[in-house]
**Q** 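This structure is in structure tokens; I'll ask about it shortly.
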Amino acid sequence: MAYSLAQRNWEVKVIDQAPGAATGASGNSQLALRCRLFQTDSELARFYLHSFLYTQRELRQLSKNNRINFHNCGVLQLVGAMNKQRDLNPNKLKKLYNKQVMQTLDVQSASRLANCQLTEAAYYFPLGGWIDGSLLCNTYLEHPSIDLITDQVVSSLKKNDNQWQLLDKEQKEIARAPIVVIANSYNASQFQQTYQLPLTTLPGQTSIISATDQSLSLATVVCGNRTVFPEIGKHHNLSASYRREDASLELRPDDDQQNLAGARACFREDYLSQVIQSARVTVRCNSKDNFPVVGKVPNVSKLQDHSMLGGHYGQIGKISSDYYLPGLYITAAHGSNGLATCPLSSEYLASLIDQEVPPFGQGIIDALDPARFIIREIRKKR
Ligand SMILES: Cc1cc2nc3c(=O)[nH]c(=O)nc-3n(C[C@H](O)[C@H](O)[C@H](O)COP(=O)(O)OP(=O)(O)OC[C@H]3O[C@@H](n4cnc5c(N)ncnc54)[C@H](O)[C@@H]3O)c2cc1C
């Protein structure tokens, strides 16, 4: 987000509670760039496709300047792991995704690309790959117009004249600005202005194992029940467990074992080492409908006075800007696809802030709008 604003000549302060940048989910040492697949065309299907293509272009560009190293090795998503409830229909997928984006491969072709024996056919994303998330964040933050302020927990936000004040838990001011973008993931609904946004927390543990002589030659990212990345420094990242029942951030041997089992199930032979070297727990943030929450922060009490919405009731695109809090924006709930969705979402918010033409149409804007949850609640109560 900061980079998109800095590119437009804004002076940006990034306030982070951690002692350094990229200590959260974005800092995982291998993040896969893949496209979330849909069977039918929709605004959200298009958003995920545009996001994937946008990030791919941006990573290639940054790599050309030798600032980062995007490993454009392709991603194979095993068909069985994609959707356990409902098989995806390859003919429907073909209508939405051209061959440059996604190809359905039988198990032999997929195995040839991965350079190992896979257990299943796969969806292949030739433009996909992986990136060191921490390096990417730090590269963005190197922009001279970005100032990173660490060890500061923002506890509340207060409007004072035309400025938003960011306050710590003692109500001491950390910073103030006319424009604030809330981008603190699973904590994004901690504020009085955002607490009605239904965000959920889903911690996940990644496990690192040593590479074996065989697994050193793994040539693509393989996503099954777990994602297995090609070797880096003679290790593989196995990503990641899902702690649905509790939000604790402790490292757990059980999660390592689940990661190992899920990763090993992708391969026909005894391909991966079983020795865990280290692990890391970070947190995904999802929304109630499992799509990102990106846009202006709604003025909930004003929206709830739905008689004021008149004939436009329920049509997000027609709600006037009076129903949003001036200068306050949010980008959150990027789920398990943040590498694809965060950069284009940031471009969208920067375009709103800079009053440019947005990078996508009103349908996508409405589908991401944080006000959608409030509108749905109001509709239910009618
Ligand atoms: C284990 C795991 C594996 C993943 N793998 C992939 C993958 O392969 N590909 C992919 O596309 N996506 C993946 N994701 C998802 C992706 O990492 C996220 O969608 C993305 O990183 C979200 O970015 P973010 O900036 O919203 O959150 P984060 O990266 O978590 O950043 C939030 C920041 O907010 C700070 N913060 C929180 N509260 C406060 C506060 N009150 N005051 C100040 N600072 C605060 C935190 O310190 C942190 O730096 C994975 C997620 C997890 C958990």
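Starting from 1, each residue takes its place in the sequence as its number. First listed ligand is number 1; within each ligand, the first listed atom is number 1.
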**Q** Return a yes/no value for Asp16: is any of its N or O atoms, backbone included, closer than 3.5 angstrom to an N or O of ligand 1?
**A** yes
**Q** Give yes or no for whether the N/O distance cutoff of 3.5 Å, strictly under, is met between Gly335 and ligand 1.
**A** yes
**Q** Would you say that more than 12 heavy atoms from the other residues, nucleotides or ligands in this model lie under 6.0 Å from the CG of Asn91, or not?
**A** yes
**Q** Can you confirm, on distance only, whether ligand 1 has an N/O atom lying under 3.5 Å from any N/O atom belonging to Gly27?
**A** no
**Q** So with a 6.0 Å cut-off around CZ of Arg268, is the heavy-atom count from everything else above 12?
**A** yes
**Q** So is Ala240 polar-close to ligand 1, meaning N/O to N/O under 3.5 Å?
**A** no
**Q** With heavy atoms under 4.0 Å as the rule, classify the contact between Gln205 and ligand 1 as side chain, backbone, both or neither.
**A** neither
**Q** Determine whether a donor-acceptor pair (N or O, by modelled atom type, separation under 3.5 Å) exists between the side chain of Glu120 and the backbone of Gly80.
**A** yes
**Q** Could you tell me whether Tyr186 and ligand 1 have an N or O pair separated by under 3.5 Å?
**A** no
**Q** Number the atoms of ligand 1 from 1 as they appear, then name those within less than 4.0 Å of a heavy atom of His334, with their elements.
**A** 19 (O)
**Q** Can you name the side-chain hydrogen bond (donor to acceptor under 3.5 Å, both in side chains) partners of Asn337, sequence neighbours left out?
**A** none
**Q** Measure the distance from atom 24 (P) of ligand 1 to every protein heavy atom, then report the residue, atom name and distance (to 0.1 Å) of the closest one.
**A** Ser26 OG, 3.8 Å
**Q** For the pair Asp255 and Arg243, evaluate salt bridge (charged side-chain N to carboxylate O under 4.0 Å, His left out) and give the outcome as yes or no after the intermediate values.
**A** CA-CA 9 Å; Asp255 286 36; Arg243 286 188 195 161; 2.9 Å; yes
**Q** Please confirm whether Ala32 comes within less than 3.5 Å of ligand 1 when only nitrogen or oxygen atoms on both sides are compared.
**A** yes
